[in-house]
Participant: 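Attaching a single structure in structure tokens format; questions to follow.
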Amino acid sequence: MNDEIRKSVRRVDAVAKASGLAKYISDYNFGDILYARLVRSTRPRAKIISITVPELPDGYYYVDHRDIPEKGKNRIQMIKDDWKVFAEDEVRYVGETIALLIGPDREKLLSLLSEIKISYEDQEPAYTIEEGLACKGGAIVGDDNIYGEYNLVKGDPDTAFNNAARVIEGTYRTGFQEHLYMEPQGMVGTWEGGRVNIYASAQCPYYIQKSVSGALGVEGKEVRIKQVTTGGAFGGKEHFPDVIAVPLAVAVNKIKKPVELIFDRIEDISYTCKRHPSRITIKTALDKENNITGMTIDTVINGGGYESSTLIVLQRALLHGIGVYNIPNAHVRGRAVATNTFPSDAYRGFGAPQGLYAIEMHMSQVAKELGMFPADFKRKYFIKNGDMTITNATMKDTVKLEEMFAAADEMSGYSKKIREYKDDPYKGIGISFVNHGGGFTGNGEQEIIKGVVKMKRTGENSAALYVSNVEMGQGLQTVLRKIAAKELGLNYTDIEYDNPDTDIVPDSGPTVASRSTMVVGYLIQECAKKLKTKWDEGVGAEAEHHYKHPSEFKWDQDTLQGDAYPTYGWGINVVEVEMDKDTYEVKTTGIWTVFDVGIPMDDTIMYGQVSGGVVQGLGYASIEKCEVLDGKFRQHTMADYVIPTSVDFPQIKNRFIDNPYKYGPSGAKGAGELVFDAAAPAYADAVQQLAGKNIYDIPVTPEMIMGLEE
Amino acid sequence: MAKISFILNGEEVSVEADPLKRLLDVLREDFEALGVKEGCGEGECGACSVILDGKLVNSCMVPLGAAEGADIVTPEGLRETEKGKVIVESFADTGAVQCGFCTPGMMMAAEALLEKNNNPDESEIREALSGNLCRCTGYDLIVKGVKVSAERGKDLW
């Protein structure tokens, strides 16, 4: 049965996309369209004193907070609704939306844009985690700049540290990362059927509906959101589309004409959310026999100017902070700090990559201090089924890390090479072990999302599925069809599944958190079973299925105690590198990966996720540098924010270890973020092995390695 | 404004436009060649790749004036040819396509390579694709797609 579903099929969208027939938002023709440009703050932190708009020719419009309907609200209804649709009297970051300028001629718009004069009263900005914590320039948020703080405690860490024979400490830092989906952000708003319609390149049509309807002060169904073929997202089209959809909707609501808002690449890199930078300090307490008795982890992430989803990202960073290890006594503390950078938001992994990077580097460094090789040391602490997690619940997964390590070692020759390269300053091999919780944290699927799917028999041998989850490159339109087809005994090409339209599909939740295959796929599987029993009712027979949280998983969101995730995907990456003696340039010579994703729903699609995720993670580890200078991202073109090309990394050798999950379709677990998580620590570990010096920060650049030598 | 004539996907065409207008915009706006994608507008990503006089170029970096008399092939032209069909089918069968935004450009890069070298090894394929960025696939399956194209089309190139 499982062998059948994992068998690779041709993706349903492949031919249209390869031949250039697939239509993305910039390929649609909406007729007489107006173009929109954002009027953005040029200051990181300031009071707006006055705005002077030139006299606009006929057919041009200036839209700002005064155009929000009286019953609406100048707030973007994201997880936290602190982010304004349009700035009113203050700005907190460079690029903050102040207004939209709209008109028929793009050149004319640019010249009008340059004539808008805004005078500011500048205030002292804070950019870094340290500046935010120190409330440089005065607190931006509350009286301490802290969006939120959490503490997770297991056992008695204080006693462990009091009795420790030795304590080893390290502080690890990660930077901003830009998604760099190949298709920039874009959407078109229209006035059809007496209401606002938004056609968007996006992950979460119902998120946009909630934000837009909230700002306009109307019921959700009074706006329609249609997702169009989306050219990559990686979390970058999870919440950020709301930030432009809402002003666009306010404009369409005012002028009742179609308006296009599509970013060019420089705008996109300069003025969209990035991955949260992090600073994580880990202390490990050891007894006289060099056993770990306790650990403290102090995590701070940079949330930027508004909170939006930052605290949820922080929770995931903490829940993954202790990695795949069973540490008897531990304290994980986390804070998210406000600064005057562009607000940070979702990016593949959602906090987990930062936490996992730090713990993996730290465990390798502790091993080195104790004169052990990293894998030998880390394996002693692998969490097992029944062990207590950091949220004081038992690990419910069957953990196959030992079997996975055996596979990784056999493929890569890790254990042999780590010994061989021990004294070789130009060759290194690194290893990392990770897990990633599938779906929303805790009981979020039950309490927040409440996913619903629908199916319908549409013909003699065909059915349609209705979900709000989107294809954004990951293969979902093929995988969900396969899941439905398997239950109905049809061919996957006999299942219809269009890009979601909120008028048509129920809310099965956002396309995020590695939940679409595992959670929504399971709903589809169960819904298809229901439809099968009604199949004989004929064409038009329908079935619906609602999410129900499995009763064996308990969670308290107020205390963050219990089963943080119903199951985890697990991963091991091994990366082998060579360094040039003169230039310190590092060349990756081998990549081996082993993943437990339950059961892969399609071997080729899943391999594509592995290859794409790992290479994106290796970019994060090595070349994707993104700094803030005077409140602006210093790297803001594709020439200076560089991502991996086809010649930068060798082909990946991957193996899947089957470990079916009871509540996943045919045993599938979440996978889309897991495949990103392990690459950065494996790469940085490989470099620190050859350098013989600890690495704390990524990206690991030649300049940094040269600095280690000095 | 100037009248610029060139061959587009085998047909003689001409257009009245500013000779400094980007070829990318002319192809998309005047000829509805929507398979030519704008990924960066600065010659870095290759999503707007076309073949101009046998060479792979980024059409965002070519002013229309430079196209006078040129022979230009876009994804719209390539997909109608036997070679183009082999590349599309091979990409589809190997899982080379994810979000798809880079894929038409990758297809042009594959064609440009195979015209010069009909039996490329992995490193030659990686080199030939190195001007075309992809953020989804990590490239492995695109490399495989080109390899399979070469095998299936060995009598065509």
Side-chain angles (χ1 to χ4, degrees), chain A residues 8 10-11 13-24 26-27 29 179-184 229-234 262 264-266 268 471-475 602-605 607-616 618-619 637-639 642-652, chain B residues 28 32-45 47 74-76 78-80 84-85 87-109 122-123 125-145:
Chain A
S8 301
R10 180 186 275 202
R11 284 174 60 129
D13 51 350
V15 169
K17 284 176 171 176
S19 49
L21 289 164
K23 284 172 89 171
Y24 299 80
S26 56
D27 302 329
N29 182 352
H179 307 79
L180 221 87
Y181 29 67
M182 293 305 297
E183 181 210 25
T229 300
T230 295
F234 316 112
I262 296 179
D264 64 34
R265 180 59 64 181
I266 292 175
D268 196 294
E471 173 66 60
M472 51 189 177
Q474 81 282 43
D602 184 288
D603 281 329
T604 299
I605 289 175
Y607 179 79
Q609 285 294 297
V610 168
S611 171
V614 167
V615 169
Q616 212 171 77
L618 291 170
T637 70
M638 270 195 179
V642 288
I643 64 166
T645 71
S646 53
V647 294
D648 290 334
F649 295 102
Q651 198 187 318
I652 293 163
Chain B
R28 286 181 59 86
E32 285 184 47
L34 299 174
V36 187
K37 304 295 185 197
E38 177 165 357
C40 70
E42 52 186 356
E44 291 290 334
C45 80
T74 72
E76 286 70 19
L78 182 59
R79 72 186 178 217
E80 299 300 325
K85 284 173 189 166
I87 299 172
V88 168
E89 294 287 309
S90 302
F91 273 39
D93 287 338
T94 52
V97 184
Q98 289 196 26
C99 89
F101 203 76
C102 76
T103 318
M106 288 288 181
M107 191 170 88
M108 302 309 296
E122 185 183 332
S123 70
I125 295 172
R126 286 187 178 271
E127 194 58 44
L129 300 178
S130 64
N132 291 67
L133 295 176
C134 168
R135 192 58 154 168
C136 295
T137 65
Y139 304 101
D140 282 357
L141 294 179
I142 299 179
V143 172
K144 191 173 170 192

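To find a chain, count down the sequence lines: A is the first, B the second, and so on, and within it residues start at 1.
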Participant: Identify which part of Met472(A) has an atom lying under 4.5 Å from any heavy atom of chain B, answering side chain, backbone, both or neither.
Facilitator: backbone
Participant: Name the region of Ile266(A), side chain, backbone, both or neither, that has any atom closer than 4.5 Å to a heavy atom of chain B.
Facilitator: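 Just its side chain gets close to chain B.
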Participant: So, Asp648(A) and Arg126(B), do they make that salt bridge, N to O below 4.0 Å?
Facilitator: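 No, no charged N to carboxylate O under 4.0 Å.
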Participant: Output the option from Asp13(A), Asp27(A), Val615(A), Thr604(A) having the highest count of non-hydrogen pairs under 4.5 Å with chain B.
Facilitator: Asp27(A)
Participant: Does any heavy atom of chain B fall under 4.5 Å from the side chain of Leu180(A), the backbone, both, or neither of them?
Facilitator: both
Participant: Between Glu471(A) and Arg11(A), is there a side-chain N and carboxylate O pair less than 4.0 Å apart?
Facilitator: yes
Participant: Return yes if a side-chain donor-acceptor contact under 3.5 Å exists between Tyr181(A) and Asp268(A), otherwise no.
Facilitator: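 Judged by distance alone, the side chains do pair up.
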Participant: Heavy-atom distances under 4.5 Å only: say whether Thr137(B) touches chain A with side chain, backbone, both or neither.
Facilitator: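 Contact with chain A: backbone only.
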Participant: Sort Thr230(A) into side chain, backbone, both or neither according to what part of it lies under 4.5 angstrom from a heavy atom of chain B.
Facilitator: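 Backbone only.
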Participant: Taking side chain as everything from C-beta outward and backbone as N, CA, C, O, which of these in Ala639(A) sits under 4.5 Å from a heavy atom of chain B? Side chain, backbone, both or neither.
Facilitator: both
Participant: With a 4.0 Å cut-off on N to O distance, would you call Glu89(B) and Arg10(A) a salt bridge?
Facilitator: yes
Participant: Aromatic contact between Tyr24(A) and Phe101(B), with the criterion being ring centroids under 6.0 Å apart: yes or no?
Facilitator: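 Yes - the distance between ring centres of Tyr24(A) and Phe101(B) falls below the 6.0 Å cut-off.
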Participant: Is it the side chain or the backbone of Phe234(A) that comes within 4.5 Å of chain B heavy atoms, both, or neither?
Facilitator: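 Answer is side chain: those atoms of Phe234(A) sit under 4.5 Å from chain B.
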Participant: Can you say whether Ser8(A) sits under 4.5 Å from chain B via the side chain, the backbone, both, or neither, judging by heavy atoms?
Facilitator: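 For Ser8(A), neither part sits under 4.5 Å from chain B.
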Participant: Quick one: what part of Pro644(A) sits under 4.5 Å from any heavy atom of chain B, side chain, backbone, both or neither?
Facilitator: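 Both parts, backbone and side chain.
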Participant: Quick check: does any side chain N or O of Lys37(B) sit under 3.5 Å from a backbone N or O of Pro104(B), one acting as donor and the other as acceptor?
Facilitator: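 Not confirmed, Lys37(B) side chain does not pair with Pro104(B) backbone.
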